[in-house]
Amino acid sequence: MGNFGKGCHLHLIDGSAFIFRAYHALPPLTRKSDGLPIGAVSGFCNMLQRYVEGNTGPDAPTHVAVIFDKGSHTFRNEIYDQYKANREAMPEDLRPQIPLTRTATEAFNIACKELEGYEADDIIATLAVQARDAGGRCTIISSDKDLMQLVGGGVEMLDAMKNKRIDVEGVEEKFGVGPNRVVDVQALAGDSVDNIPGAPGIGVKTAALLINEYGDLDTLLERAGEIKQPKRRQTLIDFADQIRLSKQLVQLDENTPLDFTIDDLEVREPDADKLLDFLVEMEFRTLSKRIATALDVEPPVIADVDPAGANPVDAPEALPFKPDDYEWVRDAAGLQVWIDRIYERGYVAVDTETTSLNEMLADLVGISLCVEPGQACYIPLTHKDGASDDLFGSDALAEGQMDLDEALKMLKPVLEDDSILKIGQNMKYDQKIFARNGVAVAPIDDTLLMSYALNAGLHNHGMDTLSERYLSHVPIPIKSLIGTGKSAITFDRVKINDAFKYAAEDADITLRLWKTFKPQLHQKQVTTVYETLERPLVPVLAQMEMAGVKVDRDTLSRMSNAFAQKMAGLEAEIHELAGQTFNVGSPKQLGEILFDKMGLEGGKKGKTGAYATGADVLEDLATEHELPARVLDWRQLSKLKSTYTDALQDHINPDTGRVHTSYSIAGANTGRLASTDPNLQNIPIRTEEGRRIREAFVAEPGNVLVALDYSQIELRILAHIADIPALKQAFDEGQDIHAMTASQMFNVPIEGMDPMIRRQAKAINFGVIYGISGFGLARNLRIPRAEAQAFIDTYFERFPGIRGYMDDTTKFAKEHGYVQTLFGRKINTPEINAKGPTAGFAKRAAINAPIQGTAADVIRRAMIRMPAAIEGLPARMLLQVHDELLFEVAEDAVDDLVSAAKGVMENASDPAVKLDVPLTVDAGQGANWAEAH
DNA sequence: GTACTCACG
DNA sequence: GACGTACGTGAGTACG
């Protein structure tokens, strides 16, 4: 056939619309052999096939193309930064399917077109206009109303789902105006889906009325003063600019710079081999059979995967690891090849190599990428030249490396591209490294967090553990490259020829783990946990950690000196009392002094044969003797000095003057965070002397610290989960929960209650959360065991739901091997069916986990929502201490911050879980952390 | 590297 | 009936 013209018929398929329809119409199917999400691709292919089958008769197209969007940034974002800003992020399991839909289109031998920086709609507009001008027909297969402006003069739309053609009349029906005025109506009415503002209070009906009265938008805006309705008149005058902007946004670009012509889109016969190969690769059994029949060829055989082999754990394992096959990327050309492959794939595993485990001090040394198991590369950037055994080394850069800035400049668009998923193992680390190099990595997946959502309680989630367990592969040990202990070198001193294998392997392992875990999230029903409680927390924590908290060195230093003096005095006294000098800090030596030399009673040896000298033991002895009392004082000071006033000073970052902790998201089995290097979740507060350390945690000038903490969150959650009416009522009424418990248990009025009674009730309340036992309570309260047991019995009598909760939870754990939080987090309890004392531990942990874990989930949700809630305020979130969040905020914005943050925290369980008890948050503020409490 | 001790929720 | 027990963490020190 010759050039496109009269008698020709062009079909333009809106590819993105097909994909989203396919995705939402189908359940989350996965490829059986490896779990790759495939539902949308399957639906897409079915739709294409149905489309092709329907193309018979006189109306059949002579030319056809599927048009896709490309790039998230278009000229519309340039003129209006909020364009499509309210769009939800693409679902994670859809992302990897996008490139596959391109491949599918090509497999059907249908032209597949896209243009960087343009929406599919603009390409469709350009082609439709060209077809019309050439005198041919054009059918746009889409139901997107934005395309209706193109209808007319031989251009029509077809809603493939409803099989309904939309012509000029159809457009008039929808918009009340002809196609040539559709943009005018859209400009006025706006569009919440694309976030087009339009004119407030004016919808399609009113807009059409106005346009029909005045002829077109420009005339309308010119003569807006003539409108009779005062409100409408004012709106059009006030918002004229916004309306003109809206028109620019909805107006399709009919002159996109295409690198092809309509003639290139001529209908082609499908290539049976190519198409069936693709369908077999996707493992589409039904469809490949149907298409084979239609093409009159032999249906291909798709091997049925053995159910055991369907375990995705086994699939990636099959391919051996070959470190020698990894690639050392030396220059821009080499890197470009990898970037192209990433765009083809839609995802990439990324890993960074640096000079330190501390992200705030680490310098970037190299980057690894992996797009397919076994195919990984390492881009060395700042490896040094010097021999590693040379004491001084050389600071000259080694050969065969890209310039750091050049590599980052090339990778930044990829790492920040909304449509490219970046996969990492502990992405918070890499995200911080990249952030410090000006790259905001997103979106991300994290294999460490996937493992945590799937396997909490079974094992830790480090790469070595995961690789050995799920890939049966022992990774190259880092020690083999950098050595151990004091003689260890930094990674930039490792020879690139050794480094690239190790580094690339990490990316390879990460990608294989991702392929293993991704489908399991659905299978084990923890996708929601991963998506709502794990993944979104990564950037929030990264920000908090990078913000750090200001710590005043002088305050700490003065305290250290004071503690040292006191300790010296105590030490002299202790030696005096002992009649000899010894190391007070050695429990072994102390035990021997106390129990052997002095002959005190109650010496108990532990499994290593040493006497126990814990605080509880010394406290008992202290009632009769001076020495243990002094040791207790000495120990307290020693702890404060070594762990806090000395150590914290070493953690002050020289660049920021602040202390930057690191939170491990997957450290605690229950969902709690853990803080390390330094641990800022155990800064003293219970004793006056210790509490003063918090005075060193300060706000910048003009700012204050604000502490917001949940009041009794675990007890409230217990009241809800175990469904205890009396407790729920007490929380509803804002009562003193421990006094209420005491009152119920001992039949005493709350007014004028003996503090001792309340203290006992408090201990029981906490004991319940920990999986109470008579022994434990007795020890805690220092009362006879029988008495403690009597308390517990009374407690269960008054609150029978507690016993029910404990029994049900234990039973559930024994049956399923895990327990769950209210938000669906699973905590595995592998030892629940063990025998002996282990069983007791496991049982109490199982009872505690849903309560502690639900509280952890609640504050996670609050933290995830916090950045949006305090956006625009001169405030930042600094620390989390399990039930408390610490903020630094400008003095004049304290009230705004408190009301915003408190709101988020108190409503954090909504809408996923409706708690029967209110969550309340107490607020405090001050120049330092001690005052903020 | 392990045990002990103690700081926090 | 005996056994051994509060839940979850991280860090510093002694010691083999």
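All chains are named by letter (A, B, ...) in the order of the sequence lines, taking the proteins before the strands, and each is independently numbered beginning at 1. Predicted model, so just to flag it, every value in this text is computed and none were measured.
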Engineer: Taking the side chain of P587(A) as its heavy atoms from C-beta onward, which of dC8(B), dC4(B), dG8(C) lies nearest to it?
Structural biologist: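 The answer is dC4(B).
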
Engineer: Nearest of dT5(C), dC6(B), dG12(C) to any side-chain atom of S642(A)?
Structural biologist: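 Given the options dT5(C), dC6(B), dG12(C), the side chain of S642(A) is closest to dG12(C).
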
Engineer: Compare side-chain N and O positions of N583(A) against OP1 and OP2 of dA14(C) and report whether any pair is under 4.0 Å apart.
Structural biologist: yes

Engineer: To the nearest angstrom, how far is Q880(A) atom CD from dG10(C) atom C1'?
Structural biologist: 15 Å

Engineer: Starting the side chain at C-beta, find the nucleotide from dC8(B), dT5(C), dA7(B) nearest to R686(A).
Structural biologist: dC8(B)

Engineer: Nearest to the side chain of N682(A), which nucleotide is it out of dA7(B), dC6(B), dA6(C)?
Structural biologist: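 Of dA7(B), dC6(B), dA6(C), dA7(B) is nearest to the side chain of N682(A).
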
Engineer: Quickly work out the I827(A) CD1 to dC7(C) C1' distance and round it to whole Å.
Structural biologist: 12 Å

Engineer: Take the protein atom OH of Y663(A) and the nucleotide atom P of dC8(B), then report the distance between them rounded to whole Å.
Structural biologist: 16 Å

Engineer: Using a cut-off of strictly less than 4.0 Å, decide whether K588(A) has a side-chain nitrogen or oxygen near OP1 or OP2 of dG16(C).
Structural biologist: yes

Engineer: Choose from dG4(C), dA7(B), dG9(B) the nucleotide whose nearest atom is closest to any side-chain atom of R785(A).
Structural biologist: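 Looking only at heavy atoms from C-beta outward on R785(A), the closest nucleotide is dG4(C).
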
Engineer: Would a 4.5 Å heavy-atom cut-off, applied to side chains only, mark M877(A) and L885(A) as touching?
Structural biologist: yes

Engineer: Any stems for DNA chain C, made of 3 or more Watson-Crick or G-U pairs in a row, each with both distances under 3.5 Å?
Structural biologist: B:1-9 with C:7-15

Engineer: Nearest to the A674(A) side chain among dA7(B), dG8(C), dG10(C), which nucleotide is it?
Structural biologist: dG10(C)

Engineer: Take atom CD of Q565(A) as the centre, draw a 6.0 Å sphere, and report whether it contains more than 12 heavy atoms from other residues, nucleotides or ligands.
Structural biologist: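 Not buried by this count: 12 neighbours or fewer within 6.0 Å.
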
Engineer: Can you find an N or O donor on one side and an acceptor on the other, under 3.5 Å apart, linking the side chain of R779(A) with the base of dG4(C)?
Structural biologist: no

Engineer: Distance check: side-chain N/O of Q681(A) vs OP1/OP2 of dA11(C), anything under 4.0 Å?
Structural biologist: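 Indeed not, no polar side-chain atom of Q681(A) lies that close.
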
Engineer: Provide, to the nearest angstrom, the distance between the CG atom belonging to N848(A) and the P atom belonging to dT5(C).
Structural biologist: 18 Å

Engineer: Counting the benzene-type ring for Trp, do F791(A) and F746(A) have ring centres under 6.0 Å apart?
Structural biologist: yes

Engineer: Please state how far atom NZ in K641(A) lies from atom P in dT13(C), giving the value in whole angstrom units.
Structural biologist: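 Taking atom P of dT13(C) as the reference, NZ of K641(A) is at 9 Å.
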
Engineer: State which of dA7(B), dT9(C), dG9(B) makes the closest approach to the side chain of P684(A).
Structural biologist: dA7(B)

Engineer: Side chain of R635(A), base of dT13(C): donor and acceptor closer than 3.5 Å?
Structural biologist: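 No, the side chain and the base share no sub-3.5 Å donor-acceptor pair.
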
Engineer: Using OP1 and OP2 only, check whether a side-chain N or O of R844(A) sits under 4.0 Å from dA6(C).
Structural biologist: no

Engineer: OP1 or OP2 of dC6(B) sitting under 4.0 Å from any side-chain N/O of T643(A)?
Structural biologist: no

Engineer: Want to settle it: does P837(A) or A845(A) sit nearer the 5' end of DNA chain C, counting the closest nucleotide to each?
Structural biologist: P837(A)

Engineer: Taking the minimum atom-to-atom distance to the side chain of A668(A), which one of dC15(C), dG8(C), dT5(C) wins?
Structural biologist: dG8(C)

Engineer: Would you mind reading off the distance between Y770(A) atom OH and dT5(C) atom C1', rounded to a whole angstrom?
Structural biologist: 15 Å

Engineer: For the residue pair Y530(A) and Y452(A), is the inter-centroid distance of their aromatic rings smaller than 6.0 Å?
Structural biologist: no

Engineer: Kindly say if S586(A) contacts the phosphate of dC15(C), meaning a side-chain N or O under 4.0 Å from OP1 or OP2.
Structural biologist: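 Indeed, a polar side-chain atom of S586(A) lies that close.
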
Engineer: So with a 6.0 Å cut-off around NZ of K597(A), is the heavy-atom count from everything else above 12?
Structural biologist: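 More than 12 heavy atoms, drawn from other residues, nucleotides or ligands, come within 6.0 Å of this atom.
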
Engineer: Evaluate the criterion salt bridge (charged side-chain N to carboxylate O under 4.0 Å, His left out) for residue pair R558(A) and E695(A); output intermediate values, then yes/no.
Structural biologist: CA-CA 12 Å; R558(A) 274 199 301 276; E695(A) 292 172 9; over 6 Å; no

Engineer: Whole angstroms only, please: what is the CD1-C1' distance between I685(A) and dC8(B)?
Structural biologist: 9 Å

Engineer: Considering only dG12(C), dA6(C), dC8(B), which nucleotide approaches the side chain of A647(A) most closely?
Structural biologist: dG12(C)

Engineer: Going by heavy atoms in the side chains, are L648(A) and P678(A) under 4.5 Å from each other?
Structural biologist: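 They are in contact (side-chain heavy atoms under 4.5 Å apart), so the answer is yes.
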
Engineer: Measure from the side chain of R694(A), starting at C-beta and using heavy atoms only, and say which of dC8(B), dC7(C), dC15(C) lies closest.
Structural biologist: dC8(B)

Engineer: Report the distance from atom CG of D646(A) to atom P of dA11(C), rounded to the nearest whole Å.
Structural biologist: 16 Å

